[in-house]
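Each chain gets a letter, A, B and so on, in the order its sequence line appears, and its residues count up from 1.
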Number of protein chains: 2
Amino acid sequence: MEKSHDLPQVLLLKPPLDMEVFGQDRFSSDKFRFLKAWESPLPLDQFLQAQAQSVQAILVSGGIPVTAETIRLLPALKLLMTTGAGLNHIDMPECRRRGIAVANAGSVPSADVADLAVGLLIDVLRKVSASDRYVRRGLWTTNGDFTLGSKVGGKRVGIVGLGNIGSLVAKRLEAFGCCISYNSRKQKPSVSYPFYSNVHELAANSDVLIICCGLTDQTHHMIDKEVLLALGKEGVLVNIGRGAIIDEQELVRCLVHGEIKGAGLDVFEKEPDVPKELFELDNVVLSPHCANWTGETFNDRQKYVVGNLEAFFSNKPLLSSVVDD
Amino acid sequence: MEKSHDLPQVLLLKPPLDMEVFGQDRFSSDKFRFLKAWESPLPLDQFLQAQAQSVQAILVSGGIPVTAETIRLLPALKLLMTTGAGLNHIDMPECRRRGIAVANAGSVPSADVADLAVGLLIDVLRKVSASDRYVRRGLWTTNGDFTLGSKVGGKRVGIVGLGNIGSLVAKRLEAFGCCISYNSRKQKPSVSYPFYSNVHELAANSDVLIICCGLTDQTHHMIDKEVLLALGKEGVLVNIGRGAIIDEQELVRCLVHGEIKGAGLDVFEKEPDVPKELFELDNVVLSPHCANWTGETFNDRQKYVVGNLEAFFSNKPLLSSVVDD
């Protein structure tokens with residue numbers, strides 16, 4: 001066995017959340033060791049120039065930005081591994097230019113994210129959080145019965161982005177008797193759900209819109225005033241993608257003025273800041289970006305991350321196909 | 001067309017909730033008219049003796065008790081129609097003795113109830129209501145990330161009572177990748193889920209117990225201390241049946257002391273009173289007995305109730321099969 005200091009290094013810019021939750025031991029391997037930028041007193045650029053010239057792999061999590069500047073300071077970098085699903089915090093053009101492989105946790109967190117999307121939808125339609133507040137405030141006893149909710153079955157659900165997560169959302173909601181249609185970059189030949197090439201048209205034909213796509217230049221503020229008005233006064237929006245896919249200011253206005261019926265939001269434009277206007281509304285459910293936040297998935301992801309890094313340093317194929325389409 | 005005062009009368013003891021929500025017009029028919037006990041200044045027994053001797057049908061909702069004493073004051077009664085699913089508020093032996101048909105809303109509300117059961121389960125496992133409170137209190141900004149939840153998929157879900165509602169819960173949770181088993185009065189030959197004749201044994205082999213049965217002498221406090229301890233420290237309980245199926249005092253103790261992991265409760269022993277100890281707990285979701293509480297289902301049920309009463313007065317078969325097994 002190689003001595004620890006002979007092992008190749010995996011750069012960490014900040015402590016990954018998973019490591020904070022589970023401790024570092026769970027991530028240790030006899031194939032690599034971690035180089036921790038935050039333990040150095042040097043500014044990041046100087047640290048990278050002094051210590052990271054031979055670093056071939058970097059592990060990032062929790063939306064920590066990996067900019068072109070950082071990548072340029074790592075001449076030997078060949079693998080960028082991220083524990084999340086989104087790639088919006090990574091300078092993908094620079095990775096492409098340099099031929100750096102980018103891998104994420106693949107489909108490991110997808111089921112959790114889909115589960116929360118469905119949970120948020122049931123909550124908004126059936127007012128679960130709002131009625132829980134009602135009971136805890138003692139209002140059931142003093143004010144009597146709670147207000148009526150809306151039935152899940154029969155709802156026309158438009159899924160924006162029918163990848164891993166969107167497909168799992170569709171599968172779950174079919175079991176509730178919802179009618180699924182979708183919008184995606186292109187129509188999927190293997191899928192029988194009605195396809196809308198235009199998200200505005202999808203919204204106009206849906207009772208519920210669930211945002212399951214990634215954040216890119218193309219999807220930034222894709223859910224704008226026009227789409228929200230097309231969804232309409234009886235429409236519900238669920239977002240488990242990224243906050244900036246929606247024009248948040250416009251969404252808040254629509255929710256406050258009843259121009260859409262309600263929303264279940266796991267993501268926001270300026271996390272952890274959430275628009276204060278939403279705090280007083282009973283027609284929204286607010287979740288602190290924790291769609292993949294389960295012990296089981298953190299555990300599976302840790303094994304997946306370590307396995308992927310070990311495969312890389314053993315010159316074996318990566319467990320996750322490299323994401324860059 | 002008959003004059004209104006020639007129409008047969010349907011007795012109402014109290015205003016049905018549905019009528020309060022939608023107004024009485026939606027329940028009007030040219031086949032019958034309502035006789036409203038609450039509009040008389042007389043005490044109920046005197047009113048019934050004076051006005052209701054020819055009444056053949058009674059419509060009750062919201063758990064209003066129909067006692068043997070009331071039934072004995074209605075010598076012509078042939079149909080007792082209830083808008084709810086439960087029959088625990090009706091003196092069934094007296095109905096049987098008299099040959100009075102008892103009909104409920106059949107499977108009309110079943111999907112709603114199943115949806116809420118799944119919504120409560122996702123909420124408890126993924127801490128949806130608790131994380132909504134966290135965000136609304138501004139704690140995401142000040143305290144950072146929320147705590148981890150537990151994955152829905154892979155959970156062993158034990159369903160107590162595999163009737164209409166239980167079967168719909170099972171169908172939904174299969175789509176999430178849960179493993180279903182059940183307890184019921186007797187094994188169902190057409191069902192392939194594992195059957196446990198003993199609810200204690202089912203609890204010992206489940207991560208989640210969902211109570212979908214009715215309240216009877218046999219099921220009263222069926223979920224007692226032993227069953228809760230068999231469910232265990234990682235176990236979650238969901239109740240959309242009736243409060244008194246669970247020994248509530250024991251349940252509160254188990255939740256406060258962490259002897260089970262959490263609970264989603266739509267029903268309680270002494271509604272609308274909910275044990276105050278639960279108000280401060282983050283591992284419970286409290287719902288004010290509103291599992292069938294949607295506009296769509298109220299609407300469908302109104303049509304169903306009117307249709308059933310019209311069928312009765314036209315000597316046609318009832319829409320719902322009479323429930324008394």
Structural part of B:Ile122 lying under 4.5 Å from a heavy atom of chain A: side chain
Heavy-atom proximity to chain A below 4.5 Å, by part of B:Leu281: backbone
Region of B:Asp112 in contact with chain A, defined by heavy-atom distances below 4.5 Å: both
Winner by heavy-atom pair count (cut-off under 4.5 Å) against chain B, out of A:Ser150, A:Gly138, A:Gly295, A:Ala114: A:Ser150
Within 45° cone and under 6.0 Å: B:Arg301 NZ/CZ vs B:Phe298 ring: yes
Most contacts with chain B, counted as non-hydrogen pairs under 4.5 angstrom, among A:Leu121, A:Leu173, A:Leu125, A:Val118: A:Val118
Under 4.5 Å from any heavy atom of chain B - which part of A:Val152: both
When A:Leu139, A:Thr147, A:Leu168, A:Thr297 are compared by non-hydrogen pairs under 4.5 Å with chain B, the top option: A:Thr147
Selection from A:Trp140, A:Trp293, A:Phe176 maximising heavy-atom pairs under 4.5 Å formed with chain B: A:Trp140
For chain B, the option from A:Lys151, A:Glu271, A:Lys171 that forms the most heavy-atom pairs under 4.5 Å: A:Lys151
Candidates B:Val285, B:Val252, B:Val256 - the one meeting side-chain contact (heavy atoms from CB on, under 4.5 Å) with B:Leu278: B:Val252
Best-contacting candidate, A:Gly119, A:Gly144, A:Gly149, against chain B by heavy atom pairs under 4.5 angstrom: A:Gly149
Portion of A:Asp115 that has a non-hydrogen atom of chain B nearer than 4.5 angstrom: both
Where A:Tyr134 and A:Asp145 come nearest, the two heavy atoms and their spacing: OH-O, 3.5 Å
Test: A:Lys14 and A:Glu20 ion pair at under 4.0 Å: no
Side-chain ion pair, A:Asp207 and A:Lys261, N-O less than 4.0 Å: no
Which portion of B:Asn292 sits near chain A, non-hydrogen atoms under 4.5 angstrom: backbone
Value rounded to 0.5 Å, distance of CG in B:Leu251 from CD in B:Glu259: 11.0 Å
Heavy-atom pair of closest approach, residues B:Gly241 and B:Asn239: N-OD1, 2.8 Å
Atom pair CD1/CG of A:Ile180 and A:Leu162 - distance to nearest 0.5 Å: 9.0 Å
Heavy-atom proximity to chain A below 4.5 Å, by part of B:Arg133: side chain
Side chain A:His89, main chain A:Ile64, donor-acceptor under 3.5 Å: yes
